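A short worksheet on the structure shown next.
Positions are given from 1, in the same order as the sequence printed here. Small disclaimer: the values here were computed from a predicted structure and weren't measured.
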Amino acid sequence: MIVTLADCAHAIEQLAVPLSAEPGDARSGDALTCIRVVEGAGSVTVSAALTPEEQPHVSVDQATHAVVIRCGSVSRLVPLPDDALLHRAVVQLSAESVTVTMPTQAPRVSRHRLYVW
């Protein structure tokens with residue numbers, strides 16, 4: 001589900017909130033409840049906040065035109081643009097977040113999406 005201003009007024013505001021303060025952080029305790037996707041400047045970045053307790057249980061896999069992020073028993077499939085070069089993805093895992101960045105075949109207009117479960 002893509003959350004837009006028409007669907008939920010606070011969704012657009014969430015794009016300006018630091019990643020560690022989004023749903024899914026230590027205060028909410030819910031794994032992967034909010035995933036941010038940013039497209040632009042020839043790349044796509046998918047990121048999700050984690051608690052230090054969740055970090056050892058996170059894995060990232062690829063699917064057809066998608067990234068699958070798992071944390072324990074929670075699994076999220078995040079769709080990607082057709083031209084995302086998934087085979088060149090770089091995964092960065094920290095105590096606060098998991099971030100997957102990959103180039104795209106063509107530069108595109110900047111776009112932010114927020115997936116909320």
Side-chain angles (χ1 to χ4, degrees):
M1 173 178 170
I2 298 175
V3 178
T4 65
L5 186 57
D7 299 322
C8 180
H10 83 279
I12 301 303
E13 295 168 11
Q14 287 293 324
L15 293 174
V17 174
L19 186 60
S20 62
E22 291 181 356
D25 72 1
R27 287 169 291 195
S28 72
D30 298 330
L32 305 175
T33 58
C34 184
I35 296 179
R36 181 185 299 196
V37 179
V38 178
E39 297 178 40
S43 68
V44 177
T45 301
V46 178
S47 54
L50 301 173
T51 65
E53 297 80 27
E54 293 169 342
Q55 192 267 347
H57 307 286
V58 171
S59 67
V60 177
D61 296 306
Q62 55 182 320
T64 305
H65 301 294
V67 168
V68 180
I69 303 175
R70 290 184 180 87
C71 182
S73 63
V74 178
S75 180
R76 305 292 188 213
L77 186 132
V78 182
L80 299 171
D82 289 341
D83 68 338
L85 302 174
L86 194 52
H87 65 283
R88 294 180 49 196
V90 174
V91 178
Q92 295 176 317
L93 186 60
S94 72
E96 297 176 346
S97 67
V98 59
T99 303
V100 182
T101 305
M102 70 216 70
T104 57
Q105 291 179 350
R108 60 184 67 240
V109 174
S110 182
R111 182 168 84 162
H112 295 247
R113 290 178 283 160
L114 195 62
Y115 292 92
V116 180
W117 283 269

Practice item. Identify whether Val91 and Met102 are in the same connected component of the hydrophobic contact network (ILVMFWY, side-chain heavy atoms under 4.5 Å). Key: yes

Review point. When you look at Glu53 and Thr51, which way does the side chain to side chain donor-acceptor pair (under 3.5 Å) test go after all the steps?
Key: CA-CA 5 Å; Glu53 297 80 27; Thr51 65; 3.3 Å; yes

Revision key, fill the gap. Between Pro52 and Pro56 the two heavy atoms that sit nearest each other are O-CD, 3.4 Å

**Study point:** Side-chain (Thr104) to main-chain (Pro107) donor-acceptor, under 3.5 angstrom
**Key:** no

Check your understanding: Of all heavy-atom pairs between Cys34 and Leu114, which one has the smallest distance, and what is that distance?
Key -> SG-CD1, 3.3 Å

Exercise for review: Any chance you could lay out the side-chain contact (heavy atoms from CB on, under 4.5 Å) test for Leu93 and Leu50, step after step, and finish with the verdict?
Suggested key: CA-CA 9 Å; Leu93 186 60; Leu50 301 173; 3.6 Å; yes

Donor-acceptor contacts under 3.5 Å from residues 68-88 side chains, at least two apart:
unit_1	atom_1	unit_2	atom_2	d
Arg70	NH1	Asp61	OD2	2.4
Arg76	NE	Leu32	O	2.9
Asp83	OD1	Arg108	NH2	2.2
Asp83	OD2	Ala106	N	3.4
Asp83	OD2	Arg108	NH2	2.8

